[in-house]
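Chain A is the first sequence line, chain B the second, and so forth, proteins listed ahead of strands; every chain is numbered from 1.
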There are 2 protein chains.
Amino acid sequence: MRADELANVRGLQLFRDMDDARFADLMRAAYLQTFPPHVQLIQEGDRADFLFIVTEGCVELFAAWNGHEITMMMVEPGGTFILAAVLKDAVHLMSARTAVKSRILMIPAEAVRGAFERDDAFSRSIVLELADCYRGMVKAQKDLKLRSGVERLAARLLRYDREHGGTGTFSLPHDKRTLAALLGMTPENLSRAFATLRPYGVEADGPNVVLSSVADLQRLAKPNPLIDDKAV
Amino acid sequence: MRADELANVRGLQLFRDMDDARFADLMRAAYLQTFPPHVQLIQEGDRADFLFIVTEGCVELFAAWNGHEITMMMVEPGGTFILAAVLKDAVHLMSARTAVKSRILMIPAEAVRGAFERDDAFSRSIVLELADCYRGMVKAQKDLKLRSGVERLAARLLRYDREHGGTGTFSLPHDKRTLAALLGMTPENLSRAFATLRPYGVEADGPNVVLSSVADLQRLAKPNPLIDDKAV
DNA sequence: CGCGAGCTTGAGCCCCATCAACGGGAGTGG
DNA sequence: CCACTCCCGTTGATGGGGCTCAAGCTCGCG
């Protein structure tokens, strides 16, 4: 692992407060690897052998049943996945694949559980990370059950804008096909949803979006920190 | 707190491995209280002051937005709620109300966090409990997005049957109105779903259900441990 | 006996999925 | 440089699942 990458990993919330020696132990056991786009990393039902941490790129968590497939979430740099399964020594409930070329840190599950037992700061960080994952899932559930497709898109666009500094201009972080899956709709419907939002000042040109009337959009989307804010 | 109740709480997975003195400290700070049906215990957006543990009865977690209300889950005896918010010292993402008369243990959030810091066995149990909550939410999400209403009902009936010993005869744990909300549908639609399942050997008479053709029902519901099994 | 709550049934509608066709941009090979 | 192809995104037509509104039904209870 390169020194700057190591420093990067060390700076993640999960490892920040960890004992130096323990962190070195963990990293010695870990693999940092680059994957091309659309490589499946894990398969639901398989045993959780590694904790995964995305350092570059983007990973899609998805699940399938009876022939359908759904996107559960996208994991961005700094994010972990499969933490709960690793801690429980259980099977994966979700599959994962790279959305784009990605650099991923893989820590053997056994090592994670060992560090969890021995390092108090690490176990605290793990709990906070797991609590964040849980709350993220609750918010996703609320978003899905309480809002219509158009409302979900509107709220998502406002969130992207906010995360980009609130300038009203930004690029979508995923292609529209992926965004549709993430929002729980078909690509066709996402397209129609964008069209529906045009009167609300949403101008989409390929991946580039301009929100020219944020207030109108907010009146429609009714954003709510208990659904839309990452930090809450 | 009565001695048998204390023993009951002590036996919960969360406290089983805890140090005796620490457990006594926690219980000294805690309140055990009985609530009538339909009492709201917490309101989403409020600060998490207590960890709640249901010892008798049943509690509904729900959320609201823009005038609609949805049921997130039902918490049964032995179950906890609001654990993530307590650990993060954050606001509730969900509201809670008693579904029936319920006996509930309330532990001040500060005391929970203190015990978490000081008692290794407790912090391990907390993490496992939190991991279970997370995985439960993932399964709920998969159930909702991957299956139709009829399929969700069929899978749920099979699960209730299994939990009652697989005899093919059991009583619904909630009234149908509540069951409908839990399955993410309206009461009208639940009623129609039961009618749809009649050709599959589902005989529902009030709260009493008989499954006379489990194999047929399974062919329809396609139960999957990664969605339906509590233990996985 | 009358009333109300919970449940069921029916009719109409809306949201969204599906299927199909089309346009345009990127990459490829001639 | 152009023709070809493939893939993504869009648009239209259609259908189904589920919601809403409304009425009827049954059972328990006063």
Applied to residues 54-78 of chain B, the side chain to side chain donor-acceptor pair (under 3.5 Å) test, sequence neighbours excluded, yields B/E60-B/T71, B/E60-B/R97, B/E69-B/R97
| In terms of ring plane angle, is the pair B/F81 and B/F52 parallel, tilted or perpendicular, where the classes change at 30° and 60°? | parallel
Protein-proximity profile, nucleotides 25-30 of chain D, B/S/- by nucleotide at the 4.0 Å heavy-atom cutoff, equals ------
(request) Give a yes/no answer on whether the side chain of A/T186 brings an N or O atom under 4.0 Å of OP1 or OP2 in C/dA17. (result) yes
Across all chains, not counting sequence neighbours, the ring pair (Phe, Tyr, Trp, His ring centres under 6.0 Å) partners of B/Y134 are none
Note: contacts of residues 138-154 of chain A with DNA chain C (heavy atom, under 4.0 Å) are A/S148, A/G149
Contacts satisfying salt bridge (Lys or Arg N to Asp or Glu O under 4.0 Å) that involve residues 145-162 of chain B (not counting sequence neighbours) are B/D143-B/R147, B/R147-B/D228, B/R159-B/E163, B/R162-B/D229
For A/D89, the side-chain hydrogen bond (donor to acceptor under 3.5 Å, both in side chains) test, sequence neighbours excluded, returns A/R47
Sequence neighbours excluded, the answer for salt bridge (charged side-chain N to carboxylate O under 4.0 Å, His left out) partners of B/K139 is none
Sorted by chain and number, sequence neighbours left out, side-chain hydrogen bond (donor to acceptor under 3.5 Å, both in side chains) with B/T167 holds for none
Here the side chain to side chain donor-acceptor pair (under 3.5 Å) pairs for residues 184-202 of chain A, sequence neighbours left out, are none
Sorted by chain and residue number, the ring pair (Phe, Tyr, Trp, His ring centres under 6.0 Å) partners of B/F194 (sequence neighbours excluded) come out as none
Protein heavy-atom contacts under 4.0 Å, written 5' to 3' over nucleotides 6-15 of chain D as B (base), S (sugar-phosphate only) or - (none), form the string ---SSBBB--
To the nearest angstrom, the CG-P distance between A/L183 and C/dC15 comes to 17 Å
Contacts satisfying salt bridge (Lys or Arg N to Asp or Glu O under 4.0 Å) that involve residues 215-225 of chain A (not counting sequence neighbours) are A/D216-A/R219
